[in-house]
**Student:** 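Before we start, here is the structure in question, set down as structure tokens.
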Amino acid sequence: GECSGAFLIFVRHSKGPENMLNKIKFAFAMSAVAAAMGSTAAYADTETATATATILQAVEVTVDNGIDFGTIAASAAGGTVTLPNASNTRTCTGVVCIGTASRAAFHVSNANDGSVIAISVGNPQALTGPGAPMTLSALSMSDADGLITFDSAALETVYVGGQLSIGANQTAGVYNGSFDVTAEYQ
């Protein structure tokens, strides 16, 4: 805060010029003290801080192949085909499966080495073709926790399985659908 002060000094002329000179010296000293008390010293300091950012390479996913439920013979009742993420051996219920099938496979193809990458699958779109759409569901990944540590020298393949629901008397033909694969830094 500020201090301000005023001193009134009464000088009475008596006892000669020396006394007067002493009183003037005293008055001058008191006014210097008053001035010092009335002024405030403001201290300020400015420092420079830094700002930094580390930019990581963009994460890229490469799909090696999508889910191929294979060839399926329709039935009057319809049914399901389940393809696990652990193998290409499918389970067919209510329909007949012919030939082979394959689970989806993909890998993270670009990221910073040593980074933990979260992978997820979702947004399954129905398989559409000449007949009624067939529902794609129950997507699952071979990497159960959905986390991988990226190593450009040893890319890790992640497999995806799912389930396809086939309608009663499903119209013959080729049907196609899709699902999303997402990878992001953690």
**Student:** Are Leu147 and Val158 connected into the same hydrophobic cluster when the rule is that any two of I, L, V, M, F, W, Y join if their side-chain heavy atoms are below 4.5 Å apart?
**Tutor:**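 Per the 4.5 Å side-chain linkage, Val158 and Leu147 are not co-clustered.
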**Student:** Got Val59 and Glu184 here, is their nearest side-chain heavy-atom distance under 4.5 Å?
**Tutor:**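 No. Closest side-chain heavy atoms not under 4.5 Å.
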**Student:** Hydrogens and angles aside, do Gln163 and Thr82 bring a side-chain donor and acceptor to less than 3.5 Å of each other?
**Tutor:** yes
**Student:** What are the two closest non-hydrogen atoms of Leu127 and Gly177, and how far apart are they?
**Tutor:**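 Of all heavy-atom pairs spanning Leu127 and Gly177, the closest is CG-N, 3.6 Å.
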**Student:** Begin with the C-alpha distance, continue with both residues' side-chain angles, and end with the deciding distance and a verdict on side chain to side chain contact (heavy atoms under 4.5 Å, CB included) for Ile148 and Val108.
**Tutor:** CA-CA 9 Å; Ile148 65 166; Val108 174; 3.7 Å; yes
**Student:** Between Ser75 and Val95, what is the shortest heavy-atom contact and its length?
**Tutor:**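 Minimum heavy-atom contact is OG-CG1, 3.9 Å.
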**Student:** What are the two closest heavy atoms between Thr157 and Ala105, and how far apart are they?
**Tutor:**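 That closest heavy-atom pairing would be CG2-CB, 4.0 Å.
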**Student:** State whether the side chain of Asn110 and the backbone N or O of Ala58 hold a donor-acceptor pair below 3.5 Å, judged by distance alone.
**Tutor:** yes
**Student:** With the side chain counted from C-beta on, respond yes when Val160 and Asn85 share a heavy-atom pair under 4.5 Å apart, and no when they do not.
**Tutor:**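 They are not in side-chain contact.
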**Student:** Is any side-chain heavy atom of Asn65 less than 4.5 Å from a side-chain heavy atom of Val63?
**Tutor:**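 No - every pair of side-chain heavy atoms lies 4.5 Å or more apart.
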**Student:** Are Asp68 and Ser102 close enough that a side-chain donor and a side-chain acceptor fall under 3.5 Å?
**Tutor:** no
**Student:** Using only atom types and a distance under 3.5 Å, with no angle test, would you say the side chain of Asp113 pairs donor to acceptor with the backbone of Ser152?
**Tutor:**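 Here the side-chain-to-backbone pair exists.
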**Student:** What I want to check is whether the side chains of Ser165 and Thr135 have a donor and an acceptor closer together than 3.5 Å.
**Tutor:**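 No, Thr135 and Ser165 have no side-chain donor paired with an acceptor closer than 3.5 Å.
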**Student:** Could you check whether any side-chain N or O of Tyr175 sits under 3.5 Å from a backbone N or O of Gly131, counting only pairs where one atom can act as donor and the other as acceptor?
**Tutor:**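 Yes: the side chain of Tyr175 pairs with the backbone of Gly131.
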**Student:** Is there a side-chain contact between Ile119 and Thr182, using heavy atoms and a 4.5 Å cut-off?
**Tutor:** no
**Student:** Linking I/L/V/M/F/W/Y whenever any side-chain heavy atoms sit under 4.5 Å apart, do Val116 and Phe106 land together?
**Tutor:** no
**Student:** Is it true that Val174 and Ile72 fall in one hydrophobic cluster, defined by side-chain heavy atoms closer than 4.5 Å?
**Tutor:** no
**Student:** How far apart are the closest heavy atoms of Ala104 and Phe179, and which atoms are they?
**Tutor:** CB-CZ, 3.8 Å
**Student:** List the steps, then state whether side chain to side chain contact (heavy atoms under 4.5 Å, CB included) holds for Phe150 with Glu156.
**Tutor:** CA-CA 8 Å; Phe150 183 75; Glu156 181 178 339; over 6 Å; no
**Student:** Looking at Cys97 and Val81, what are the two nearest heavy atoms and their distance?
**Tutor:** SG-CG2, 3.8 Å
**Student:** Which heavy-atom pair separates Val121 from Leu139 by the least distance, and what is that distance?
**Tutor:** CG2-CB, 3.9 Å
**Student:** If you group Ile, Leu, Val, Met, Phe, Trp and Tyr by side-chain heavy-atom gaps below 4.5 Å, do Ile98 and Ile166 land in one group?
**Tutor:**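 They do not share one cluster, since no chain of ILVMFWY contacts under 4.5 Å joins Ile98 to Ile166.
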**Student:** Look up atom CG in Leu164 and atom SG in Cys92, then write down how far apart they are to the nearest 0.5 Å.
**Tutor:**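 Between Leu164 CG and Cys92 SG, I get 10.0 Å after rounding to 0.5 Å.
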**Student:** Please round to the nearest 0.5 Å and tell me the distance separating atom CE of Met141 and atom OG of Ser120.
**Tutor:**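 If I round to the nearest 0.5 Å, the distance is 6.5 Å.
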**Student:** How long is the straight-line distance from CG of Asn123 back to CG of Leu136, given to the nearest 0.5 Å?
**Tutor:** 10.0 Å
**Student:** About how many Å separate OH of Tyr159 and CG of Leu83, when rounded to the nearest 0.5 Å?
**Tutor:** 12.5 Å
**Student:** Does some side-chain heavy atom of Thr62 sit less than 4.5 Å from a side-chain heavy atom of Glu60?
**Tutor:**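 They are not in contact (no side-chain heavy atoms under 4.5 Å apart), so the answer is no.
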**Student:** Nearest 0.5 Å, what's the CD-OG distance between Gln57 and Ser115?
**Tutor:** 8.5 Å
**Student:** Is there a side-chain contact between Phe69 and Met134 (heavy atoms, below 4.5 Å)?
**Tutor:**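 A side-chain contact is absent here, since even the closest heavy-atom pair is not under 4.5 Å.
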